[in-house]
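Have a look at the structure below, then the notes.
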Amino acid sequence: MLDPRHVADHLDEIRASMARRGPAAAALLDDALASHVRGRRECIVRGDALRHAQKESNAAMARMDKKSPEFAARRDELRRTSDEVKELEARQKEHEAAIELALLAIPNTPHEACPPGTSSEDNPVVRTWGEKPDVPTPKPHWDIGTALGILDFDRATKISGPRFAVLLGQAARLERALITFMVDLHAREHGYREIWVPAIVARRTLRGTGQLPKFEQDVFRLVKGASLVAAEAEASEAGAATGEDADLFLSPTAEVQVTNLYGGEILESLPIAFVAYAPCFRSEVGSYGKDVRGLIRRHQFDKVELVRICRPERSMEELELLVGHAETVLKRLGLHHRVVELCAGDLGFAATRTYDIEVWLPGEGAYREISSCSNCTDFQARRASIRFRDDKRNRLVHTLNGSGLAVGRTMVAILEQGLQPDGSVRVPDALVPYFGSDRIVAE
RNA sequence: GGAGGAGUGGCCGAGUGGUUUAAGGCAGCGGUCUUGAAAACCGCAGGCUCCGUAAGGUGCCCGGGGGUUCGAAUCCCUCCUCCUCCGCCA
């Protein structure tokens with residue numbers, strides 16, 4: 001969420017910045033928002049003055065003879081003041097609701113350094129690591145995995161539906177090995193504190209990081225047991241606005257849980273760095289026909305997530321640090337990859353600046369995203385209200401997150417880059433102690 | 001799922017319609033005293049919002065929301081959370 005005062009006072013400036021994301025984003029910033037901000041302020045100024053007078057009068061009444069005509073006169077007068085205060089408060093709330101409604105739909109402004117562009121075609125390559133490995137007959141990973149007998153997509157569809165996977169034998173073991181390897185690397189060498197969080201989150205949590213309200217279609221919402229649903233319907237009939245808030249969702253990324261961990265708090269020491277292994281769930285309704293085969297795009301996948309919370313002035317340095325940590329995973333695994341920077345038009349909702357790490361997939365003949373590292377500045381911190389004490393003043397922190405890495409996609413890269421002429425797959429040296437073998441062979 | 005109880009500042013804990021600007025204590029910070037420390041004493045201490053260049057000030061905040069009243073921590077409604085017991089359960 002952007003700062004409403006700042007938006008109201010610098011409307012043209014913000015609109016120009018937002019135009020770099022595209023015309024639709026810029027159009028979200030209309031003059032109505034600024035007028036609501038002013039209207040709210042007017043209600044507060046007038047209301048505060050009235051309440052001040054009301055308070056003094058009430059104090060006087062406390063000392064008066066409750067049966068005197070003066071008391072009755074004062075009471076009648078204050079009755080009118082009270083009505084006016086209530087009306088002002090109602091108007092103030094309307095303004096605030098309008099402001100929030102508008103702001104929740106507005107994405108973060110792109111950083112000055114964020115390159116111009118409208119789509120992923122325009123993302124400049126920042127650096128490339130390693131060489132394309134010599135794979136004589138490249139194959140897509142689903143063919144490799146199915147031939148080895150370690151991936152089963154048909155049976156996954158049978159038990160759960162499309163866009164799920166079953167991992168067998170060495171693949172299941174590789175998944176575990178990768179998770180442990182990645183968490184160990186970040187926890188032991190990069191200074192992150194390990195954290196394990198629930199996979200199910202409340203609506204307010206998704207709102208804090210910006211997934212809701214705008215991207216409700218991208219997440220899975222849970223339906224509770226019949227009796228609870230009935231109780232909920234009863235509650236909303238009674239006029240309570242809590243029914244909606246009682247909803248639970250499957251988290252699409254641990255960024256959600258970990259970033260919101262300190263929501264509403266004032267932090268004593270920064271920076272904070274967490275590494276979390278967590279399952280992620282995405283509905284993928286907007287990607288029909290895209291990556292339908294294989295492990296690339298599933299409804300459920302594992303991810304090791306890095307989250308950093310820091311002082312505002314440090315966040316750009318922290319972003320570089322974060323990308324470096326994520327990239328180290330691929331370097332240790334010897335997987336050829338490149339780092340691109342997202343152009344303004346390709347930027348995620350909460351991000352001001354983002355680096356994507358793209359790993360080389362020989363079977364596909366393309367680089368594919370395996371990590372996305374973003375600086376969200378104070379956008380999420382404002383929504384979630386995460387602050388720190390800075391010399392007597394409370395300020396919003398900056399939040400950053402990045403995958404370190406997407407586990408399934410890492411497995412894809414290992415299978416495709418490590419494919420040997422005999423159909424077996426070479427396991428990266430760094431992973432051998434975790435996996436227990438230097439080769440994946442047919443089962 | 002059933003029955004009961006409880007939510008007050010960083011923590012403990014008074015307070016059942018009007019000098020309560022929330023008593024008191026502990027922890028915290030600053031100071032006096034001391035060679036140093038402790039003790040004692042004095043003082044300062046929260047969040048949000050709005051006005052203001054600032055200094056400073058207004059208003060709001062006793063789990064959340066709504067209501068009654070001239071006036072609510074206190075009365076009413078509602079939701080949430082936690083605790084205890086029973087049942088079920090990996």
Side-chain angles (χ1 to χ4, degrees), chain A residues 1 3-9 34-100 103 196 198-205 207-208 224-248 260 262-269 279 378 381-397:
Chain A
M1 188 155 68
D3 177 9
R5 289 189 68 135
H6 188 252
V7 172
D9 295 343
S35 86
H36 279 302
V37 170
R38 280 193 300 273
R40 170 178 173 273
R41 204 173 327 189
E42 282 162 19
C43 289
I44 289 170
V45 170
R46 173 90 182 120
D48 280 4
L50 279 175
R51 272 186 296 265
H52 182 59
Q54 199 179 23
K55 244 176 126 173
E56 293 196 329
S57 239
N58 272 320
M61 283 177 80
R63 289 187 295 268
M64 286 166 79
D65 175 9
K66 308 294 185 289
K67 293 195 175 74
S68 66
E70 289 82 13
F71 186 90
R74 188 70 80 96
R75 188 184 58 209
D76 292 344
E77 184 196 327
L78 280 182
R79 200 173 284 164
R80 285 191 297 276
T81 311
S82 183
D83 287 345
E84 196 182 343
V85 166
K86 274 175 188 160
E87 196 209 307
L88 277 167
E89 282 173 350
R91 268 171 52 199
Q92 184 184 333
K93 274 185 186 172
E94 281 170 30
H95 286 305
E96 282 172 354
I99 291 164
E100 190 177 345
L103 283 178
W196 186 94
I200 295 174
V201 294
R203 178 176 288 271
R204 61 179 172 278
T205 308
R207 186 182 288 233
K224 292 188 265 183
S227 60
L228 277 171
V229 170
E232 215 172 85
E234 206 178 302
S236 37
E237 257 175 50
T242 51
E244 197 181 60
D245 215 48
D247 283 343
L248 291 174
N260 279 288
Y262 295 122
E265 298 187 30
I266 298 167
L267 302 172
E268 298 291 339
S269 70
D378 60 9
R382 185 171 295 103
R383 285 189 169 216
S385 186
I386 309 168
R387 292 164 297 162
F388 71 105
R389 200 175 304 280
D390 185 31
D391 193 34
K392 298 237 171 194
R393 177 166 297 183
N394 294 324
R395 296 173 65 197
L396 293 167
V397 298

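The CG atom of Asp3(A) sits 13 Å away from the C1' atom of U49(B) (whole-angstrom rounding). At whole-Å resolution of the value, CG in Leu50(A) and P in C70(B) are 16 Å apart. Spacing between atom CD of Gln54(A) and atom C1' of U58(B) amounts to 14 Å, rounded to whole angstrom units. In this structure, CG of Asp247(A) is placed 17 Å from P of C79(B), rounded to the nearest angstrom. Rounding to whole angstrom units, CG of residue Leu248(A) and C1' of C80(B) are separated by 13 Å. Summarising the geometry, the separation between CD on Glu56(A) and C1' on U19(B) is reported as 14 Å, rounded to the nearest angstrom. Between Arg51(A) atom CZ and C60(B) atom P there is a gap of 6 Å when expressed in whole angstrom units. In this structure, Glu42(A) places its CD atom 17 Å from C1' of U58(B), rounding to the nearest Å.
Salt bridge absent: Lys86(A) and Asp83(A) never bring a charged side-chain N and a carboxylate O closer than 4.0 Å. A salt bridge does not link Arg79(A) with Glu84(A): none of the charged nitrogens is closer than 4.0 Å to a carboxylate oxygen.
In terms of heavy atoms, Met64(A) sits closest to Phe71(A) at CE-N, 3.4 Å. Across all non-hydrogen atoms, the minimal contact from Val397(A) to Ala381(A) is O-CB, 3.2 Å.
Phosphate contact (OP1/OP2 of C60(B), side-chain N/O of Lys55(A), threshold under 4.0 Å): present. Residue His52(A) has no polar side-chain atom (N or O) positioned under 4.0 Å from OP1 or OP2 of U58(B). Put simply, Arg46(A) has no side-chain N or O that comes within less than 4.0 Å of OP1 or OP2 on C51(B). Residue Arg79(A) places none of its side-chain N or O atoms closer than 4.0 Å to OP1 or OP2 of G71(B).
Taking the side chain of Asn58(A) as heavy atoms from C-beta on, and the options U58(B), C50(B), G71(B), the nearest nucleotide is G71(B). For Arg5(A), counting side-chain heavy atoms from C-beta on, the closest listed nucleotide (C50(B), U68(B), G18(B)) is C50(B). When distances run from any side-chain atom of Val45(A) to the nucleotides G18(B), G65(B), C50(B), the shortest one goes to C50(B). Closest to the side chain of Leu78(A), from the set G59(B), C70(B), G47(B), is C70(B). The side chain of Ile44(A) lies closest to U49(B) when the candidates are U49(B), G59(B), C51(B). Minimum atom distance to the side chain of Ser82(A) is reached by G71(B), of the listed G65(B), C50(B), G71(B). Nearest to the side-chain atoms of Ile266(A) among the listed nucleotides C50(B), G59(B), G47(B) stands G47(B). In the set C60(B), U49(B), G46(B), G46(B) carries the atom at the smallest distance from any side-chain atom of Arg389(A).
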Run the side-chain contact (heavy atoms from CB on, under 4.5 Å) check on Gln92(A) and His95(A) step by step: do they pass?
CA-CA 5 Å; Gln92(A) 184 184 333; His95(A) 286 305; 5.7 Å; no
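Backbone-only contact: Asn394(A) has heavy atoms under 4.0 Å from sugar-phosphate atoms and none from a base. Among the atoms of the strands shown, none is found under 4.0 Å from any heavy atom of Arg74(A). In this structure, Arg80(A) reaches neither bases nor backbone, as no heavy-atom distance under 4.0 Å exists between it and the strands shown.
Spacing of P atoms, G18(B) relative to U34(B), comes out at 49 Å, to the nearest Å. To the nearest whole angstrom, the two P atoms, one in C77(B) and one in C83(B), are 26 Å apart. Spacing between G7(B) and G65(B) at atom C1', rounded to whole Å, works out to 16 Å. Comparing the P positions of A40(B) and U78(B) gives an interatomic distance of 50 Å, to the nearest angstrom. Taking atom P in both A73(B) and A22(B), the straight-line distance is 10 Å, to the nearest Å. For the P atom pair drawn from G63(B) and U58(B), the interatomic distance equals 25 Å after rounding to whole Å. Only the C1' atoms considered, U16(B) is 14 Å distant from C76(B), to the nearest whole Å. To the nearest whole angstrom, the two C1' atoms, one in G64(B) and one in C70(B), are 27 Å apart.
Expressed to the nearest 0.5 Å, how far OG of Ser35(A) lies from CZ of Arg40(A) amounts to 13.5 Å. Here Leu396(A) contributes atom CG and Ile386(A) contributes atom CD1; the two are 9.0 Å apart, rounded to the nearest 0.5 Å.
In this structure a side-chain-to-backbone donor-acceptor pair under 3.5 Å is missing from Asp247(A) to Arg203(A).
For G17(B), there is no paired nucleotide, since no Watson-Crick or G-U wobble pair has both relevant distances below 3.5 Å. G7(B) is paired with C80(B) under the criterion used here, namely a Watson-Crick or G-U wobble arrangement in which both key atom distances are under 3.5 Å. In this entry C50(B) has G57(B) as its Watson-Crick or G-U wobble partner, both defining distances falling under 3.5 Å. For U69(B), there is no paired nucleotide, since no Watson-Crick or G-U wobble pair has both relevant distances below 3.5 Å.
Both Arg75(A) and Glu89(A) lie near RNA chain B, and the one whose nearest nucleotide falls closer to the 5' end is Glu89(A). In this structure, Gln92(A) and Ala49(A) both approach RNA chain B, and ranking their closest nucleotides by distance from the 5' end singles out Gln92(A).
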